[in-house]
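Structure, as C-alpha cells:
All values below were derived from every heavy atom in this structure, side-chain atoms included, with hydrogens, water molecules and symmetry-related copies excluded.
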Amino acid sequence: MQFFVDTADTNDIRELESMGILDGVTTNPSLIMKSGRDFKEVIKEICGITKGPVSAEVTAIEADAMIAEGKNLATLAENVVVKLPLTWDGLRACRALTDAGIRTNVTLCFSATQALLAAKAGATYVSPFVGRLDDIGQDGMQLIADIITIYENYPSLTTQVLVASIRNPVHVLDAARMGADVATVPPSILKQLVKHPLTDKGLAAFLDDWKKTGQKIL
Ligand code: G3P
C-alpha cells in the first residue's frame, strides 16, 4: 500500500520525504486555508519536495471551468494530479482531463456507485472518505471493501482506491488488510503508527541495563 500524506504543511512533507516513507501528497482547499499560504506557490513547493503524485483540487463547480482550472494546475509541475469533486460536472471534467493526459483524483466519494462512475470516467484515483462516513454512523471501511470488490470484478477498471479522511491507525490497518492501493494519512496519524507501549517499555529496560554495564558505543 502506498502512503500519501494529507497535508499542505511543507515541513511535515519534507521530513517524511527524507525518511523515504512518502509516496505522494494530497491537499484540499481546507488544508490550503490551514497552511495560510498561496495555493499555487505551496503546490509548486510540495512538487519540488516529492516526485510522487501531488493532488491539487479545483474550486470551480461547472465542468468547463473545472477543465480550465485543472489544465492550469497541471502546468505547475508534472507530478500534479488534478482533484475533482464527485459531481456530474466533476465526472465530465475527469473524462476531459484524462483524455488530455492529465491524472485525476475524484474526491468526496461516499458510495460505491459513485466510485464505479469515477472509474468509468477514467479517474486515476478515487478518494472515498471513511472518517466522514463513520462520523454519521455509517461504516467507512465497508465502503472501501465494496469498491475494491467492484473494481476487482471488472479488471478493465484501473482506477486506484485512495482511502481518505483517515482518522486513526485502525483505518490504516484495515485499508492495508483490504489491499487498498493508497492511504492518505494526516501527519499526526502517520506518527501514531510507530507508537506501541511495549516498544517504549522494552527500550526503557534495555537502556537501563545498558547504563549498568558502564559501557559506551562512541
Ligand atoms: O483530503 C481529503 C480528506 O482526507 C479529508 O479528511 O479528516 O477532513 O474528513 P477529513
Separation between CD (Gln142) and CG (Asp134), nearest 0.5 Å, reads 11.5 Å
Check your understanding: Are the side chain of Tyr151 and the backbone N or O of Ala115 linked by a donor-acceptor pair below 3.5 Å?
Key -> yes
Rounded to the nearest 0.5 angstrom, the CG-NZ distance for Asp38 and Lys44 is 8.5 Å
In this structure, CE of Met1 is separated from CG of Asp181 (nearest 0.5 Å) by 10.0 Å
> Are the side chains of Asn79 and Pro53 in touch, meaning some heavy atoms are under 4.5 Å apart?
Replying inline: no
Residues pairing under ring pair (Phe, Tyr, Trp, His ring centres under 6.0 Å) where one sits in residues 86-119, two or more places apart or in two chains, turn out to be Phe110-Phe129
Please tell me if the side chains of Val172 and Gln192 come closer than 4.5 Å, counting only heavy atoms from C-beta onward.
no
If two hydrophobic side chains count as joined below 4.5 Å and joins carry through other members, does Leu133 share a cluster with Leu116?
-> yes
Margin query: Tell me if a side-chain donor or acceptor on Thr159 pairs with a main-chain N or O of Val126 at a distance below 3.5 Å.
Written below: no
- Query: Under 3.5 Å, is there a donor-acceptor pair between the side chain of Lys83 and the main chain of Thr27?
  - Reply: yes
dist Thr113:OG1 -> Ile150:CD1 (nearest 0.5 Å) comes out at 7.5 Å
task: For Ser165 and Arg132, indicate whether the former's side chain and the latter's backbone hold a donor-acceptor pair under 3.5 Å.
output: yes
Original post:
Do Ile43 and Val80 come close enough that some side-chain heavy atom pair is under 4.5 Å?
Top reply: yes
Closest non-hydrogen contact found for Lys120 with Leu157 is CD-CD2, 4.0 Å
Of all heavy-atom pairs linking Ala56 and Leu73, the shortest is O-CD1, 3.7 Å
Electrostatic pair Asp208-Lys211, nearest N-O below 4.0 angstrom: no
Distance col, row Ser55:OG vs Asn28:CG, nearest 0.5 angstrom, shows 10.0 Å
- Message: Between Ile147 and Gln114, is there a side-chain heavy-atom distance shorter than 4.5 Å?
- Response: no
Using modelled atom types and a 3.5 Å cut-off, is there a donor and acceptor pairing between side-chain atoms of Glu69 and backbone atoms of Ala60? yes
Residues Pro187 and Asp12: closest non-hydrogen pair is CG-OD2, 3.5 Å
For Ala112 and Asp146 the tightest heavy-atom approach is CB-CB, 4.2 Å
**Asked** Do Ile49 and Thr10 come close enough that some side-chain heavy atom pair is under 4.5 Å?
**Response** yes
Practice problem: Salt-bridge test for Glu78 and Arg103: reply yes if a basic N is under 4.0 Å from a carboxylate O, no otherwise. | Solution: no
So if you build clusters from Ile, Leu, Val, Met, Phe, Trp, Tyr with side-chain heavy-atom gaps below 4.5 Å, do Ile32 and Met66 land together? yes
Inset, instruction - For the residue pair Pro29 and Thr59, establish whether any side-chain heavy-atom pair is separated by less than 4.5 Å. - result: yes
Ala164 backbone acceptor or donor facing Ser127 side chain under 3.5 Å: no
| message | Could you walk me through whether Asp135 and Arg167 satisfy the salt bridge (charged side-chain N to carboxylate O under 4.0 Å, His left out) test, starting with their C-alpha distance in whole Å, then the side-chain angles of each, then the deciding distance to 0.1 Å, before giving a yes or no? | response | CA-CA 10 Å; Asp135 288 345; Arg167 301 280 172 74; 2.9 Å; yes
Next item on the list: Flag the pair Asp209 and Lys212 as a salt bridge only when some basic side-chain nitrogen lies within less than 4.0 angstrom of an acidic carboxylate oxygen.
Entry: yes
